[in-house]
Structures are given as structure tokens and as C-alpha cells.
Amino acid sequence: MSEQFEESPVHFGSHSRNGVYLGLDATQVTIVGSGAGVFVLCCMVSGTVPDPMRILGLGLVVLLVSLGVGVPRFADQTIPRWMRIIGSRLIRGTRNHLVYLRKFDEEGHTMDTHQPPTAQLRDPLDPLFLRDVKGRLKLGAPQRLSLGGSEADNLVIYEGPRRIAFIYDPRRGTGTVVARTRSTKALDLESDEAASQRVESFSRLLNGASSVQGLLGMQFGDQGRKVSGSKILEYYDERIQVAGSGAGDEINVFADQSYRDLITTASSSYIHETWVAFIFSRGHSGIERSVKKKGGGVAGFFDAVLDKLSALEDMIDECGAHVTEWHSPRSISEVIRVAFDPQASTVLTDRRGDFAGVAVASAGPMAVDDRQWDHLRTDTGFHRVYRVMEWPRQRAELGFMQNLILTGGHRQTVTIMMMLKDQEKAYREIDSQKADWETTHKTHVKMKKMFSRRQAKELEDIENREEELVAGHAAYTLGAFVTVSSESLADLEADCAAMSGGASNAKTELRALYGQQLTGFIAGALPLARGHIGH
């Protein structure tokens, strides 16, 4: 198995810069084409006016401006894109939307969230407590998330059977469920054969997920956080019970007691919280029929998604991980709350029973300061969000992402967003990229430019993607975000420098989301599967 894996190395294509024509996207082509059209028009009418040089000069200025605006890129963003980002920030600044403060009424309750009625507080562990006589799901009033005045403030959370949280976006008609996952198998400690089998299992997960009706994509997340010593001891005792005899003090009573004393004296410890978020579309043709059979509406949509959870659990189990639970409204709110308020992590992990987690009304931040260009400030944290722009260009080694996830000394959240593509659309995109590459190549030949290795690599990446589609692999849009969080701005700069070193070891290139830190934070630090919004 290991020899077979070596013969088929895993690799990522380089960051695509193909466009509509000569590497320019549609907006750039429109701007440059308009400038060229104005210049040609000026040349045509210059012979019919008394002062032709003024008309020619005007046309030349328009052409130069269109080239200066439409062609260059800065930080891999076009100037029109930068203009939209800057314009959006200016508009938000004039409306005082760059700073968010949670509003409270006279009694100290939040004014921007909806509280569920007391009548809905029944035992959700009973799978029939929300069903009518026909077996159709009946949901209570939703609770709205307040996420610092961002575009995700329209999200609401419903509670279903087994306390499963359903995060619904009424504007786009999407619903998200989040699984808390855990893996007791370290990939770098396994044999080459076992590691390659897990990679193949993950490949089967991606192909299997593409056949799940209504599924738009998945978000895989790993959030570093601090937990109390009692939480670590609780997990330690749990693993002893799972192992049965021959564990804990049965192996070495002195080592067992020393470990317990060490954890007891430590105020907190650093762990990794992992999750997988699945986002579904209510309007997807594959799930629409099932939604109608279940009564329609959000309840029917949620019920149709519940039918698919068992299959999704089985897919995750094959990859060496397992679903410990599907997040409830309170537990998913805790993950969101810790992202905005890192110092609250240790306190929240000590909550047990019905008090575990936090209320949806308290999930969001108390304050957000988005006035800075390259970082975001929330309740007790300073954050900087990066996007992975380049993956390893050569053969990717197994476990290369651990250099990002396990970078010690600071708190970071690493998420990977994988959005499904329609097969026919993926083929059309490849045809368009090949046509653009061919046009660019012919233009370079006419200009007598040397054929570069970079051009050859771009064509090779396009052909590899086409071969994968022909071989039957599912088509995904891949994106990844890295969020670094610290307690002070000075610590943030130091931690980001350490993260840059980890990215270098992982052979990836990170780029800060300048001017888009709040949007990037919602996409990269929260388990809401929002990475597909705005790309």
C-alpha cells in the first residue's frame, strides 16, 4: 500500500490567476476594454474637430488610466476589488459600523436577541417531543445570533431532537449542523500503510459527501483553547474507563498520582477543539422533494437534514475520527463565545449539566473594534486572520498541516472550507481556463517571449484537475483560513511571526485579509461554514 501511495503523490495546484483574457478577470477586461474603446473613438473623431491633439490626448489619458486601474494587482487583489473593499469600509465608517457595542435594556438583558418562550423548555432528549401526530417535526421559536454587526447577524439557531442545533440563514436558505469530533490516532505515529489508508478514507469521504442530497460543502476546524485542570482530569478518567484494566494506577500508582497532582496544580491546559460543519441548501433540487414530504418550511428542511446525520457519522468514522456529539445550541454558542472572548474559555469548561455551554443570546461579542486595517479586536482578544493562498507546490507530505495546527505558544484556529461544485460547471471552468491559457500563450509567442516554467506548471495543474474529474473524483472549491488570537497587540505580532514560521515549514503561503478582518474572522474562527460567502 505504501509503495502504491508513493507512486501516486498528492499535490496541490498553484494559485490560479487565469481570467477571461490574458489573466484578467471580467471586471478588468471591462475596464481596459472601455478605455481602449474610448481611445479608438477619439482617434476616429480627431480628424473632424479643430483641435485634434486635445481629443487624442484625452483618449490617451483615458487609456492609460484604464490600464493603470484594470491591469495591476496588489496582494493578489485587483484594484477594482481594493476599491470595493475600501469603499465598503468608508461607508461603514461614516455609519459608525466599524465599532460594535452590545445593547442592553434597563434590566441588563440584551436587546438584540430573541429569547425562546418558556413553553418550549421540554426534554429534547425525547425524539418525539417535537413531533405532531403525523410525525412531522415541530420547532419552537428560533434564537438569533448577534455576531458584532457582521453580515452573519441574520443567522438563527433552532433546537431539534437530541438537542441538535440547526443554524439557519433565512436570507440564503441554508442550514448548518456541526459535529464535535475527536481522534485518538495520531497520523504521524502510524505506519506508512495505515496513514495512506486514512488518506484514502478521507478521499472516499469527499466523494461520498458529494452524493449527499442538498449538501453544499463542509468546514473542518481546529481551535486551540485553554481548559481547566478539572476538565483534563475528567478526560483522563474517561480514557481509563474506556481502556478498562491495565490503565491508570493499575500500571503505575506513583505515575498516576503524580499526573493527577500536576494537573490539579495547573490552573489551565491547552487543548484542541475540532469540529466538522455541514452546510445544506434548502433550494437544492436533491433535497427539495424530501423537504416537501416532511411538511415543508424550516422544520421540514431540518428534518430532512437529520435523516442524513447517521451517514455523515459513518463517513467520519472511516477517516480515523469519530463524532462525540452533534453540537447543541448551548455548546455551539460556547465555541463561538470562546472565539470572541478567549479568556472565558477556562471558566466555561467548568460548567456541567444543564449549565454547560452558554446561552445563544450570550454567544456573540460584547464589543468589536474593526477600525484597524490588519487586525480585529474583540472582548478579550486581538485577532489576525490569514487566508492560505498557496498550498505545497511539490508533493505534499502526510500530516503537513500539523505545522500550522500544532504551532506552540499561542492560540490559533485553522479551518478548511470545501464547497461542492457541479461537475458540468467544473468542466466548463477547466475549458475556460485552458482557452485563456492558450490565448495567453499565443500572445506571448507573437511578442517573442520565452516560454516559462510557470506557464508550463499552470497548464499541468489545469490538466491534473481535468484528469481527476474524468477519474470520477468530486469537484470541490478549497479554501483555508488561519486565525491567530492573543491577549495584547504586542503578543499578536509575536504570535503571527511564529505562525509565519509554521506556514513556511508547512510549505504554504499565508496572506492577511487586509480590510476584511471581521468577515474573515466569521469565516475562519467560527464553526458556521461561512467561508463560501464572498470567497
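Both backbone and side-chain heavy atoms feed into the values below; hydrogens, waters and symmetry mates do not.
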Tell me every residue that passes ring-ring contact (aromatic ring centres under 6.0 Å, His included) with [X], counting only those two or more places apart in sequence or in another chain.
| X | value |
| --- | --- |
| F220 | F202 |
| H327 | none |
| H473 | none |
| F166 | F301, F302 |

Which residue in the set R92, H375, H97 passes side-chain hydrogen bond (donor to acceptor under 3.5 Å, both in side chains) when paired with D370? R92
Distance-minimising heavy-atom pair for A525 and W275: O-CH2, 4.1 Å
Check D153 against R144 and note the closest heavy-atom contact, atom names and distance. O-NH1, 3.1 Å
Can you list the residues that meet the side-chain contact (heavy atoms from CB on, under 4.5 Å) rule with S281, with sequence neighbours excluded? L216, H284
Does anything in residues 53-63 pair up under salt bridge (Lys or Arg N to Asp or Glu O under 4.0 Å), and if so which pairs, sequence neighbours excluded? D51-R54
Separation between [atom1] of [X] and [atom2] of [Y], rounded to the nearest 0.5 Å:
| X | Y | atom1 | atom2 | value |
| --- | --- | --- | --- | --- |
| R387 | M417 | CZ | CE | 12.0 Å |
| L205 | E318 | CG | CD | 8.5 Å |
| H383 | F340 | NE2 | CZ | 7.5 Å |
| I79 | Q28 | CD1 | CD | 8.5 Å |
| Y476 | M419 | OH | CE | 10.0 Å |

Side chain proximity check, [X] to [Y], heavy atoms < 4.5 angstrom:
| X | Y | answer |
| --- | --- | --- |
| L60 | L64 | yes |
| Q213 | E288 | no |
| V38 | L63 | no |
| D436 | Q433 | no |
| K507 | N403 | no |
| T483 | F521 | yes |
| L510 | V388 | yes |
| S203 | N207 | yes |

Please answer whether the main-chain N or O of G364 pairs with a side-chain N or O of R337 as donor and acceptor at a distance below 3.5 Å. yes
With sequence neighbours excluded, what pairs up with R204 under the side chain to side chain donor-acceptor pair (under 3.5 Å) test? S201
Holding to side chain to side chain donor-acceptor pair (under 3.5 Å), I want the full list of residues that pass it with T181, two or more places apart in sequence or in another chain. T274
Looking only at the side chains, is there a donor atom on one of S500 and Y386 sitting less than 3.5 Å from an acceptor on the other? no
Please indicate whether Y427 has more than 12 foreign heavy atoms, meaning atoms of other residues, nucleotides or ligands, lying under 6.0 Å from its OH. yes
Applying salt bridge (Lys or Arg N to Asp or Glu O under 4.0 Å), name anything that partners [X], two or more places apart in sequence or on another chain.
| X | result |
| --- | --- |
| R371 | D369 |
| R377 | none |
| E466 | K434 |
| D374 | R384 |

Side chain to side chain contact (heavy atoms under 4.5 Å, CB included), paired with W373, selected from Q516, R89, Q517: R89
Quick one, R530 with L155, criterion side chain to side chain contact (heavy atoms under 4.5 Å, CB included). Give me CA distance, side-chain angles, the key distance, then yes/no. CA-CA 11 Å; R530 305 291 290 182; L155 298 180; 3.6 Å; yes
